Each structure stands twice: as C-alpha cells, then as structure tokens.
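If you read the sequence from its start, that first residue is 1, and numbering goes on from there. Side chains are part of it too, since the values below use all heavy atoms of this structure and drop only hydrogens, waters and symmetry mates. As the structure is a prediction and not an experimental result, all values here were calculated from the model.
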Amino acid sequence: MARKKVALIGGGQIGGVMAQLFASRGLADVVLFDIVEGLPQGKTLDIAEASRIDRFDMKLKGTNEYKDIDNADIVIITAGLPRKPGMSREDLLTTNAKIMTSVANGVKEHAPNSIVIIVSNPLDTMVTLFQKISGFPTQRVIGQAGVLDSSRFSSFIAWELGVSVMDVNAMVLGGHGDTMVPLVRYANVNGVPIMELLERKYNDKAKAQEVMDAMVTRTKKAGGEVVGLLKTGSAFYSPASAATTMATAILLDQRRVLPCSVYLNGEFGVEGYFVGVPAILGENGVEGVLELSLNDKRRRTSRV
Ligand code: A3D
C-alpha cells in the first residue's frame, strides 16, 4: 500500500505540533507549507532529526511552494493569525479571510482530490469560505472545533468527578464560540449520566446544577482561558491533537463519530450551512451525520 501524504498549510504553532504527531505516529508522510521562508524547513528538519529517537521513518518536507503538496490525500489548514488577549475569534476575520482565499486557490490547484480539514478561525466562516472558493464537494470539507471543545468539556468533567477522562463521553455541538452547545443531557461516564453522578456527589440538586453550569461556562470560554495565560497566541497542542485525530479517522477509514463542522443537507432541519454536529469520518471524508434530538433552546443557540 502506498504511503499516505498529509499537507499542513500553516507551519506555525499548530502546524508544527501536527507535523510531529503525524510523523512520530507513523501515519503519513508530511509536507509543511508556510509563506515564511525557513520556518517550515527548520521545523521539519528538527522533527526529522528525532526520527532515530522516536523510531519513525516517515518523510518530512518543509516548503514555501504549493507544488510540493501535489497529490496530498489530506490537507489541514491552520494558516492565519491566532488570537491575542482581548480579541474575539471574529476579530481575525478580515485578515484570515484574505489568507484563506489564497490558500483555497493553492489547494484547489495542487491537491484537487484531497480531503480538507480547516482549523483557522473564525472557524465556521473559514470552512464556508474555503468550500465556496475551492468548489470542493462538501463531503471533503470539514472544520475542526467540536473534537477540541468536547475534549475540554470531558476533561473538566473528569477532573470534577475524579475519574479517568477515558471513561467520559461528552459532546459539544454548534459553532466554535459563544454559540457552542455542550450537551449536558447526553454527557455520561460509561453510560451513567453526569448529572446523576453530580447529584450523588453533592447530595444537592441545586449545587449539582451550579457545578455543571460552571463547567459549561468554562468550556465555552476555554480557548480564551489559554489565550489569557499564554498572552502571545492561542492553544496549539490540543487543537493539533484534535485535527490529527480527525485526519487519522479518514486515513484509516475508521468511521469514527466525531463532532465536526460539516455541511448539512437537511439533517437537523438545516439546509446549506456548515454546523458542528456528530459526523462519521471515513475514507471519503464525511460518511454521514448522526442525528439526535435537541430541545428548542439548544436548537436555537446552535443554529442546529
Ligand atoms: P500561528 O502560530 O501564528 O501559525 C499560523 C501560521 O500561518 C504562521 O506560521 C503564518 O506564517 C502562516 N500563514 C500566514 N499566512 C499564510 C498563507 N497565506 N499561507 C500559508 N501560511 C500562512 O497560529 P496557530 O498555529 O497558533 O493558529 C492557527 C490558526 O488556528 C489561527 O487562526 C487560530 O485562531 C486557529 N485556532 C483554531 C482553533 C480551533 O479549535 C478551531 C484552536 C486554536 C487556534
């Protein structure tokens, strides 16, 4: 079987971590593209020089030329400015829309059959813009947000209950920002509803609700919490893990159910928008959408 090729557009913080994850996990050969000369070349050389230590032989190439992404199976886009303290994701719109326009044209020309995962913010707008400019079939255009937001929500639940995060299942749907919707009713520890566990822990319904509300609020503001601490940029380890997990599901045709921003064709009663919903990811990209019932408030806030 031929090796798979992943092209990472944007060799900044998230792009660099992803390059290391793909190579060290033996998932695919990696091309790291950036407009800054030397940056992707330096990062890929640095990662490749750890190959003996981490025991991988995937090829890594840093480049400033689109021709090097030719025939990539998967393209992951992180090109664009990240937030600084005090900025909303929407503040990035004007600059990142220009960047996304040039990236979409480059990907359309050089990797026209690829499946594309977008991470650049503001996420939902960037996904829509990429699809419009590239004209790619919507099945092959996917936004990363829900995998990270769900992991954050699951982590807060695990820390609160003192259980392994591996046994926590919690999903966040909707947009990546104020409109995200952590699904409290469906959150569970190996099938046991979280609210039931919180009520047992505190022996007080009101207190349990207060604790859950605080975790929901922290999840919605989790990106900003990291920005406030780092001061120079936004989260990058966890977004890199999230996008790599989505790409892995596609590369290995795992049909994993992951919350992602995907184009809806009537699912959840929505037609023609990219929305964060549970999607089945496999070798063709979006293989399906899992529908679930939401109450009216959740429907309105998430546009689902
Ligand atoms: P950063 O470390 O600044 O990397 C961005 C890279 O993009 C830089 O190296 C730039 O040189 C490069 N770049 C700029 N213009 C172009 C271009 N035209 N073509 C190719 N590369 C270009 O940022 P980062 O890696 O921390 O974040 C990247 C993006 O992801 C930002 O927009 C963040 O807001 C976003 N982000 C999204 C999430 C989600 O969960 C959706 C989480 C964290 C960050």
Side-chain angles (χ1 to χ4, degrees), residues 5-23 27-47 60-70 72-84 87 89 91-111 114-131 133-134 136 140-145 147-148 176 223 226-227 230 232-247 250 260-261:
K5 175 172 171 178
V6 170
L8 307 173
I9 311 295
Q13 298 280 62
I14 303 176
V17 176
M18 285 196 298
Q20 190 180 28
L21 289 176
F22 278 106
L27 290 165
D29 291 332
V30 176
V31 174
L32 186 65
F33 173 99
D34 204 289
I35 48 166
V36 177
E37 279 179 31
L39 178 73
Q41 291 86 348
K43 286 196 179 185
T44 48
L45 178 61
D46 188 17
I47 294 166
L60 287 135
K61 184 177 178 68
T63 185
N64 309 112
E65 292 183 46
Y66 270 107
K67 69 174 172 45
D68 289 319
I69 76 162
D70 280 357
D73 298 286
I74 296 194
V75 174
I76 306 181
I77 303 172
T78 61
L81 298 186
R83 283 195 285 169
K84 297 236 167 80
M87 287 173 89
R89 293 180 177 91
D91 292 335
L92 305 169
L93 180 63
T94 313
T95 311
N96 286 359
K98 278 190 202 133
I99 293 173
M100 187 56 73
T101 302
S102 79
V103 171
N105 284 319
V107 174
K108 182 181 176 181
E109 188 180 341
H110 290 274
S114 58
I115 295 172
V116 179
I117 296 171
I118 291 148
V119 185
S120 312
N121 272 318
L123 193 268
D124 302 284
T125 316
M126 290 302 121
V127 178
T128 307
L129 184 62
F130 177 90
Q131 197 279 326
I133 293 169
S134 68
F136 274 27
R140 291 202 272 119
V141 182
I142 312 163
Q144 185 302 119
V147 175
L148 170 58
H176 185 54
V226 176
V227 172
L230 292 179
T232 50
S234 53
F236 54 100
Y237 293 111
S238 55
S241 292
T244 305
T245 292
M246 290 166 64
I250 296 164
C260 323
S261 183

Taking every non-hydrogen atom, the tightest pair across G106 and I69: O-CD1, 4.4 Å
For the student: nearest non-hydrogen atoms of C260 and I142, plus distance: CB-CG2, 3.6 Å
Parallel, tilted or perpendicular: rings of Y66 and H110 (30°, 60°): parallel
Partner residues of D29 under the salt bridge (charged side-chain N to carboxylate O under 4.0 Å, His left out) criterion, sequence neighbours left out: R3
Trace of the side chain to side chain contact (heavy atoms under 4.5 Å, CB included) decision for I77 with M100: CA-CA 9 Å; I77 303 172; M100 187 56 73; 3.7 Å; yes
Close side-chain approach of N105 and E109, heavy atoms under 4.5 Å: no
L230 to A235 - nearest heavy-atom pair and separation: CD1-N, 4.3 Å
Donor-acceptor pair, side chain of S120 and main chain of A79, under 3.5 angstrom: yes
From S241 atom OG to M246 atom CE, the distance as rounded to the nearest 0.5 Å: 13.0 Å
Atom pair CD1/CG of I99 and L81 - distance to nearest 0.5 Å: 5.0 Å
Side chain to side chain contact (heavy atoms under 4.5 Å, CB included) evaluation trace for T244 with L27: CA-CA 9 Å; T244 305; L27 290 165; 4.1 Å; yes
Closest heavy-atom pair and its distance - P40, N64: CG-ND2, 3.9 Å
Heavy-atom closest contact (V75 atom, S114 atom, distance): CG2-OG, 3.6 Å
Gap separating the CD atom of Q20 from the OH atom of Y237, nearest 0.5 angstrom: 9.0 Å
Heavy-atom check, side chain of F22 versus side chain of I74, under 4.5 Å: no
Separation of R83 CZ from N121 CG (nearest 0.5 Å): 7.0 Å
Criterion side chain to side chain contact (heavy atoms under 4.5 Å, CB included) on L32 and I47, from CA distance to verdict: CA-CA 11 Å; L32 186 65; I47 294 166; 5.8 Å; no
Side chain to side chain contact (heavy atoms under 4.5 Å, CB included) assessment of S261 paired with L123: CA-CA 8 Å; S261 183; L123 193 268; 3.9 Å; yes
Minimal non-hydrogen separation, G15 against T78, with atom names: N-OG1, 4.0 Å
K43 (side chain) donor-acceptor with G12 (main chain) under 3.5 angstrom: yes
Nearest-0.5 Å distance, CG of residue L92 to NZ of residue K84: 10.0 Å
Approximate separation, where rounding is to 0.5 Å, of T101 OG1 and N96 CG: 10.5 Å
